[in-house]
Amino acid sequence: MTAPDALISAALDVRLNAFAPFSKFLVGAALEDNDGRVHTGCNVENATYGLTLCAERVAIFKAISEGVKPRTFRRIAIAADTDTLTPPCGACRQILWEFCGNIELVLVNLAGKTETYNLKELFPKPFDVSYL
Ligand code: THU
């Protein structure tokens, strides 16, 4: 397993790649798969605003596009510059659930403050393919 600090560092590092000229709110995510590989993502904004992709979804979609199978992830670190640690948005919680299940989330800020949750705590009654 990737050392917790390494996953957090990866999220903090990739945050600096965020393309966020509109919000100026930079976010980084580092997603660890079951083989210990780390897949990173940052938020990428767009002039229409609504087409923005959050850091978490970029990390997940990058990993899937590289051939990592859904539900084979164990942790994600999410880094932002807020005193109250930034949790994933509702859309990302849905995508996290569908691709990662009840994954461990490590929220972190630039001061190194961390909080750890599992997704079920933040997204207690998810809709997914089991209802279809
Ligand atoms: N954002 C993320 O990338 N992840 C989060 O967990 C919260 C929000 C981005 C989307 C947008 O580019 C900016 O932060 C402000 O909402």
Side-chain angles (χ1 to χ4, degrees):
M1 194 183 306
T2 309
D5 285 357
L7 200 66
I8 286 169
S9 293
L12 288 164
D13 286 351
V14 74
R15 174 184 167 275
L16 298 175
N17 296 337
F19 181 76
F22 307 108
S23 73
K24 318 262 194 256
F25 192 81
L26 282 59
V27 185
L31 175 66
E32 183 187 11
D33 68 29
N34 287 345
D35 293 326
R37 288 171 300 192
V38 174
H39 311 271
T40 57
C42 62
N43 52 328
V44 183
E45 297 187 345
N46 177 272
T48 67
Y49 293 20
L51 296 179
T52 291
L53 275 181
C54 293
E56 296 90 327
R57 274 176 287 159
V58 171
I60 293 167
F61 295 155
K62 274 178 64 187
I64 296 294
S65 72
E66 295 296 327
V68 185
K69 297 300 168 214
R71 302 265 175 158
T72 62
F73 301 99
R74 56 185 171 212
R75 283 188 305 152
I76 185 168
I78 302 165
D81 183 16
T82 54
D83 292 334
T84 301
L85 299 177
T86 298
C89 77
C92 286
R93 293 180 202 202
Q94 177 69 33
I95 297 295
L96 278 162
W97 176 258
E98 292 197 40
F99 285 96
C100 306
N102 192 26
I103 194 171
E104 183 178 305
L105 297 102
V106 182
L107 312 183
V108 61
N109 69 10
L110 302 196
K113 176 182 172 189
T114 64
E115 288 170 9
T116 302
Y117 299 90
N118 59 60
L119 185 59
K120 268 286 180 79
E121 293 176 79
L122 302 183
F123 199 51
K125 199 163 170 52
F127 172 80
D128 63 21
V129 66
S130 68
Y131 291 93
L132 298 178

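As the structure is a computational prediction, the values presented were derived from the model and not from experiment. Remember, it's 1-based here, ligands and their atoms both numbered in the order they're listed.
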Are side-chain heavy atoms of [X] and [Y] found at a separation under 4.5 Å?
| X | Y | answer |
| --- | --- | --- |
| Ile95 | Phe61 | yes |
| Ile103 | Leu31 | yes |
| Pro126 | Lys120 | yes |

* Results of salt bridge (charged side-chain N to carboxylate O under 4.0 Å, His left out) for Asp35 - residues two or more places apart only -> Arg37
* Got the residues with a heavy atom under 4.0 Å of ligand 1, by chain and number? -> Ser23, Phe25, Val27, Asn43, Glu45, Thr52, Cys54, Ala55, Glu56, Pro87, Pro88, Cys89
* Around atom NZ of Lys113, are there more than 12 heavy atoms of other residues, nucleotides or ligands at under 6.0 Å? -> yes
* Please work out which of the three classes, parallel, tilted or perpendicular, describes the rings of Tyr49 and Phe22, given edges at 30° and 60°. => tilted
